[in-house]
Undergrad: 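If you scroll down you'll find the structure; I have some questions about it.
In this text, all values refer to a predicted model and were calculated from it rather than measured experimentally.
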Amino acid sequence: MLFVSGDKLMDGDRSAAWECMLAELRLLENSDGDPILFHGTSSLRASLILADGFDPKTAWVPLPMPDGTLGGVNPCVFWTPKLEIAVARAVRHGGLSQGLPVILSARASDVAASGTPVPDYCMWEIDYQEDPARLPKDWMESLKMLGAIAVLDCRRVAGLRLHAVAPLDHRPSPAMHDAAIGKMMAHTIPVAA
């Protein structure tokens with residue numbers, strides 16, 4: 001299994017703590033019954049989530065339309081039983097000058113009770129118009145087929161657990177912040193007027 005390293009974002013001690021934390025979290029993957037779901041984010045966003053709950057307006061998922069196509073977008077929070085997906089998102093968010101990578105976890109039943117769980121059609125890799133019958137019918141099927149769900153109106157999740165290697169108020173050094181901003185700007189595509 002391939003896991004993204006956070007060593008580009010952390011010093012040696014924190015990087016080692018990150019890898020140790022991931023080893024412990026891997027033991028929670030594929031739990032039977034009520035599975036553990038993961039959400040990857042940054043320490044800055046995790047601070048906001050713990051203080052105010054999730055902000056489902058920061059991500060969007062398309063949903064099936066009456067004609068069988070995917071369309072319309074709905075604000076949501078993404079969750080996955082696959083740790084490597086959450087780790088990749090956490091490292092990406094941590095690399096956007098928002099602090100260090102952080103993993104949040106909760107039982108699927110608690111995540112589902114926090115809003116309206118729907119299949120994560122952003123993970124869909126098959127042309128749904130060719131065979132719309134192959135789309136997952138509900139969020140449980142989405143966990144099995146796509147390895148992720150989206151939760152509409154997700155705010156506070158009971159039993160939410162935080163997995164971090166540093167206090168949440170950690171901010172990157174000015175040099176790390178400037179490098180992350182420079183990297184983002186290098187990948188920005190100008191929009192024609």
Side-chain angles (χ1 to χ4, degrees), residues 1-7 9-10 14-56 58-61 74-95 98-125 136-168 170:
M1 198 176 291
L2 174 67
F3 284 90
V4 180
S5 172
D7 61 356
L9 306 171
M10 299 179 238
R14 284 191 179 135
S15 184
W18 172 254
E19 294 303 325
C20 184
M21 181 188 79
L22 293 181
E24 290 178 15
L25 288 174
R26 285 183 200 113
L27 299 174
L28 299 176
E29 274 190 306
N30 304 317
S31 52
D32 291 334
D34 191 5
I36 299 292
L37 301 183
F38 303 101
H39 177 84
T41 191
S42 68
S43 56
L44 176 61
R45 287 183 180 195
S47 296
L48 297 171
I49 290 166
L50 293 178
D52 303 323
F54 286 92
D55 180 4
T58 60
W60 302 85
V61 65
N74 295 274
C76 66
V77 175
F78 293 106
W79 290 88
T80 178
K82 297 181 179 181
L83 182 59
E84 71 180 281
I85 294 172
V87 168
R89 289 189 59 84
V91 169
R92 190 180 94 225
H93 286 301
Q98 296 181 6
L100 296 174
V102 169
I103 303 295
L104 300 172
S105 68
R107 293 250 172 232
S109 59
D110 290 330
V111 171
S114 72
T116 305
V118 297
D120 177 3
Y121 293 115
C122 293
M123 296 292 283
W124 190 248
E125 296 177 0
K137 303 295 181 242
D138 59 31
W139 69 274
M140 291 299 288
E141 198 172 281
S142 181
L143 284 177
K144 293 175 187 157
M145 288 176 64
L146 307 177
I149 62 169
V151 182
L152 312 179
D153 304 318
C154 181
R155 286 291 184 185
R156 298 220 179 257
V157 177
L160 185 68
R161 299 194 67 184
L162 170 74
H163 309 279
V165 296
L168 289 184
H170 171 79

Undergrad: Taking all non-hydrogen atoms of both residues into account, name the closest pair between Arg156 and Leu50 and its distance.
TA: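 Closest heavy-atom pair between Arg156 and Leu50: NH1-O, 3.5 Å.
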Undergrad: Testing the basics here: between Trp79 and Leu104, what is the closest heavy-atom pair and its distance to 0.1 Å?
TA: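 Residues Trp79 and Leu104, closest heavy atoms: CZ3-O, 4.1 Å.
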Undergrad: To the nearest 0.5 angstrom, please state how far the CG atom of Leu37 sits from the CG atom of Leu143.
TA: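 Going from CG on Leu37 over to CG on Leu143, the span is 5.5 Å.
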Undergrad: For Phe54 and Cys154, which heavy atoms make the closest approach, and how far apart are they?
TA: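 Minimum heavy-atom separation between Phe54 and Cys154: CB-O, 3.5 Å.
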Undergrad: Would you indicate whether the side-chain heavy atoms of Trp139 and Val151 approach each other to under 4.5 Å?
TA: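 The answer is no, as the side chains (C-beta and beyond) never meet within the 4.5 Å cut-off.
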Undergrad: Restricting to ring pair (Phe, Tyr, Trp, His ring centres under 6.0 Å), what partner residues turn up for Phe78, sequence neighbours left out?
TA: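 By the ring pair (Phe, Tyr, Trp, His ring centres under 6.0 Å) rule, Phe78 matches no residue at all.
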Undergrad: I want to check something: taking the side chain as every heavy atom from C-beta on, are Pro136 and Leu146 in contact at a cut-off of under 4.5 Å?
TA: yes
Undergrad: Please report the interatomic distance CG(Leu83) to CG(Leu27), rounded to the nearest 0.5 Å.
TA: 10.5 Å
Undergrad: For the pair Phe38 and Leu28, evaluate side-chain contact (heavy atoms from CB on, under 4.5 Å) and give the outcome as yes or no after the intermediate values.
TA: CA-CA 10 Å; Phe38 303 101; Leu28 299 176; 4.2 Å; yes
Undergrad: I'd like to check the side chain to side chain donor-acceptor pair (under 3.5 Å) partners of Ser105; sequence neighbours left out, ordered by chain and number.
TA: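 Ser105 satisfies side chain to side chain donor-acceptor pair (under 3.5 Å) with His163 only.
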Undergrad: Could you tell me which non-hydrogen atom of Leu162 sits nearest to which non-hydrogen atom of Ala46, and how far apart they are?
TA: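 Looks like CD1-CB, 4.3 Å.
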Undergrad: What are the two closest heavy atoms between Pro119 and Asp138, and how far apart are they?
TA: CG-O, 3.6 Å
Undergrad: Can you tell me how far OG of Ser47 sits from CZ of Arg45, rounded to the nearest 0.5 angstrom?
TA: 12.0 Å
Undergrad: Which residues pass the side chain to side chain donor-acceptor pair (under 3.5 Å) test with Ser109, not counting sequence neighbours?
TA: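 Side chain to side chain donor-acceptor pair (under 3.5 Å) check on Ser109 returns Asp34.
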Undergrad: So, the side chain of Thr80 versus the backbone of Ala86: is there a donor-acceptor pair under 3.5 Å, distance only?
TA: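 Side chain of Thr80 to backbone of Ala86: no pair is present.
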Undergrad: Can you tell me how far apart CE (Met21) and CZ (Arg26) are? Round to the nearest 0.5 Å.
TA: 10.0 Å
Undergrad: Using 0.5 Å steps for rounding, measure from the CD1 atom of Ile103 to the CZ atom of Arg161.
TA: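 Here the interatomic distance stands at 13.5 Å.
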Undergrad: How about Leu160 and Ile49: do any of their side-chain heavy atoms sit closer than 4.5 Å?
TA: yes
Undergrad: With a 3.5 Å distance limit and no angle check, can you tell me whether Thr41 reaches the backbone of Val102 through a side-chain donor-acceptor pair?
TA: no
Undergrad: Please find the pair of heavy atoms, one from Trp18 and one from Val91, that lie closest to each other, and give the distance.
TA: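 That would be CZ2-CG2, 4.1 Å.
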Undergrad: Can you find a pair of side-chain heavy atoms, one from Val111 and one from Ile149, that are under 4.5 Å apart?
TA: yes
